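In what follows, a single structure is set out as structure tokens and then discussed.
Numbered from 1 within each chain, the chains take letters A, B, ... in sequence-line order. This one's a predicted model, so the numbers in the text were calculated from it and none came from an experiment.
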Amino acid sequence: DAGVTQSPTHLIKTRGQHVTLRCSPISGHKSVSWYQQVLGQGPQFIFQYYEKEERGRGNFPDRFSARQFPNYSSELNVNALLLGDSALYLCASSSGTAGRTQETQYFGPGTRLLVL
Amino acid sequence: GENVEQHPSTLSVQEGDSAVIKCTYSDSASNYFPWYKQELGKGPQLIIDIRSNVGEKKDQRIAVTLNKTAKHFSLHITETQPEDSAVYFCAASMRGASGGSYIPTFGRGTSLIVHP
């Protein structure tokens with residue numbers, strides 16, 4: 001079975017631009033989470049979605065938004081890019097049932113974003 | 001919110017030696033503790049996890065211990081091999097206030113270098 005997939009793998013943007021990152025969860029998983037990982041640090045939580053409903057939001061500005069589609073794939077959007085948004089953006093999926101997500105999250109390879 | 005401290009930041013060992021990475025957490029409500037291995041250019045890979053109703057868990061050369069009273073947990077790797085070289089992250093999580101979601105808080109990571 002395919003794991004979590006993300007696209008694109010790399011992206012270069014300039015300040016002020018907008019970016020959309022995409023994620024497909026493991027087949028059968030209904031929950032997707034997004035993380036930002038800057039060099040030398042652990043992943044920082046941005047959003048979590050379960051069956052198209054936002055279940056959590058981290059301490060990120062409103063320039064960051066996300067959504068989940070009926071097929072459980074997800075998009076992360078970042079507007080008005082800043083130099084500090086340069087990072088590895090990770091998507092993780094987890095299974096769930098009866099409205100509750102399971103504890104274990106499986107990560108994709110990430111999208112490396114460079115803002116110039 | 002939850003705060004996870006991880007030590008050391010860098011660990012250098014000889015092939016065949018053991019390696020120990022330690023983490024502490026602040027919120028006694030945390031009840032799920034995964035460990036991830038991240039190789040260069042890749043997303044984090046789950047290697048072992050432990051729940052708060054268990055004190056120790058082993059999987060071949062890898063073991064994790066949990067001390068709920070002291071709020072710390074550790075990763076032990078025995079008979080290290082060069083392919084164990086990577087960055088290791090610990091995390092702590094609990095089911096959210098909404099009752100539905102687990103959102104982990106990560107440590108800053110430990111860079112393990114195994115010399116042949």
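In this structure, His29(A) and Tyr106(A) have tilted ring planes: the angle between them lies in the 30° to 60° band. Using a 30° and 60° split on the angle between ring planes, Phe106(B) and Tyr36(B) fall in the tilted class, from 30° to 60°.
Heavy-atom proximity under 4.5 angstrom to chain A picks out nothing from residues 4-15 of chain B.
Test Trp35(B), Tyr32(B), Phe33(B) against Asp49(B) for side-chain contact (heavy atoms from CB on, under 4.5 Å) and you get one pass: Tyr32(B).
With a 4.5 angstrom heavy-atom cutoff, Thr9(A) does not touch chain B via any of its atoms. The parts of Pro44(B) that come within reach of chain A are both its backbone and its side chain, each placing non-hydrogen atoms under 4.5 angstrom from that chain.
At distances below 3.5 Å, at least one donor-acceptor pair connects side-chain atoms of Gln48(A) with backbone N or O atoms of Tyr102(B). No side-chain donor-acceptor contact under 3.5 Å links Glu75(A) to the backbone of Thr20(A). Side-chain atoms of Gln41(A) never come within 3.5 Å of backbone atoms of Val38(A) as a donor-acceptor pair (strictly under, hydrogens ignored). Under the 3.5 Å distance criterion, the side-chain polar atoms of Thr24(B) are left unmatched by any main-chain donor or acceptor of His72(B).
Note on Arg112(A), Gln6(A), Gln37(A): by heavy-atom pairs under 4.5 Å with chain B, the leading option is Gln37(A). Of all the listed residues (Gly58(A), Ala92(A), Pro109(A)), the one sharing the greatest number of non-hydrogen pairs under 4.5 Å with chain B is Pro109(A).
Between Phe60(A) and Gln44(A) the shortest side-chain heavy-atom distance falls below 4.5 Å.
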